[in-house]
Amino acid sequence: MRVLIINGPNLNLLGKREPGIYGNASFDSYLPLLKAQYPDMEIDYFQSNIEGELIDKMQEAGFSVDAIILNAGAYTHTSVALHDCIRAITAPVIEVHISNVHQREEFRHHSMISAACKGVICGFGLDSYRLAMEAVRSGEQAKR
């Protein structure tokens with residue numbers, strides 16, 4: 001199975017950005033641990049602060065990977081373009097958030113992309129990505 005993890009704006013600052021909300025670990029330090037937990041799955045990673053680059057990457061990979069795990073960051077709450085892209089590709093997309101967005105500012109309570117995604121996981125720190133991997137794996141097993 002091939003899974004693409006895509007992180008959006010400011011997630012390149014994990015470990016430095018608001019550690020009280022996002023923790024002290026960078027995604028670069030977490031990714032090898034995640035890959036070690038899923039040696040039978042090919043995990044690719046992409047991060048950009050630019051909305052169009054996120055869309056380009058999803059269009060590039062969205063017809064060949066088995067799933068996309070997307071943390072769109074702040075674009076979650078604003079991007080109709082990401083929503084439309086998710087609807088256009090064939091790979092299922094799981095929306096992920098490190099923090100529980102429903103415990104945060106009111107504007108974070110609404111996602112423009114959730115309706116286009118297969119599911120949403122939020123509030124479990126970096127472990128949200130592992131939970132998304134489990135959802136991908138169980139979805140693949142359900143197909144068999």
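Quick note: residue numbers are just sequence positions, from 1. Hydrogens, waters and symmetry mates play no part in the numbers below; they use all other heavy atoms, side chains included.
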Which pair of heavy atoms, one from [X] and one from [Y], lies closest together, and at what distance?
X	Y	answer
Ser138	Ala135	OG-O, 3.1 Å
Ser128	Gly123	OG-N, 4.0 Å
Ala72	Ile113	CB-CD1, 4.0 Å
Met41	Val3	CE-CG2, 3.9 Å
Ala74	Pro9	N-CG, 4.2 Å
Ile43	Lys35	O-CE, 3.1 Å

Taking [Y] as the starting point, is it possible to reach [X] by hopping between hydrophobic residues whose side chains are less than 4.5 Å apart?
X	Y	answer
Leu33	Leu31	no
Val65	Met58	yes
Leu11	Leu4	no

Distance-only, no hydrogens or angles: does the [X] side chain make a donor-acceptor pair with backbone N or O of [Y] under 3.5 Å?
X	Y	value
Arg87	Ala115	yes
Thr90	Gly62	yes
Asn7	Gln47	no
His77	Ser111	no

Give, for atom [atom1] of [X] and atom [atom2] of [Y], the distance between the pair rounded to the nearest 0.5 Å.
X	Y	atom1	atom2	result
Ile121	Met133	CD1	CE	11.0 Å
Ile68	Cys117	CD1	SG	9.5 Å
Leu82	Glu95	CG	CD	10.0 Å
Phe46	Ile6	CZ	CD1	7.0 Å
Ile55	His83	CD1	NE2	12.0 Å
Leu70	Ile86	CG	CD1	5.5 Å

Can you check whether [X] reaches [Y] side chain to side chain, under 4.5 Å on heavy atoms?
X	Y	value
Phe27	Asn12	no
Lys57	Ser48	no
Leu34	Ile5	yes

Evaluate the criterion side-chain contact (heavy atoms from CB on, under 4.5 Å) for residue pair Met1 and Asp40; output intermediate values, then yes/no. CA-CA 7 Å; Met1 287 192 71; Asp40 58 325; over 6 Å; no
Please determine whether side-chain contact (heavy atoms from CB on, under 4.5 Å) holds for the pair Phe124 and Arg130, giving the CA-CA distance in whole Å, both sets of side-chain angles, and the decisive distance to 0.1 Å. CA-CA 10 Å; Phe124 295 97; Arg130 183 193 59 79; over 6 Å; no
Judged by modelled atom types alone, do [X] and [Y] share a side-chain donor-acceptor pair under 3.5 Å?
X	Y	answer
Ser79	Glu51	yes
Tyr30	Asp127	no
Tyr45	Asp28	no

Does the side chain to side chain donor-acceptor pair (under 3.5 Å) test come out yes or no for Tyr38 and Glu134, once each step is laid out? CA-CA 9 Å; Tyr38 297 93; Glu134 287 297 319; 2.6 Å; yes
Could you walk me through whether Asn49 and Tyr75 satisfy the side chain to side chain donor-acceptor pair (under 3.5 Å) test, starting with their C-alpha distance in whole Å, then the side-chain angles of each, then the deciding distance to 0.1 Å, before giving a yes or no? CA-CA 10 Å; Asn49 294 316; Tyr75 290 135; over 6 Å; no
Audit row: Val96, Leu131, side-chain contact (heavy atoms from CB on, under 4.5 Å) steps and yes/no: CA-CA 9 Å; Val96 167; Leu131 294 170; over 6 Å; no
Report the C-alpha separation of Asp56 and Leu54 in whole Å, then their side-chain angles, then the decisive distance to 0.1 Å, and conclude whether the side-chain contact (heavy atoms from CB on, under 4.5 Å) test is met. CA-CA 5 Å; Asp56 287 345; Leu54 300 174; over 6 Å; no
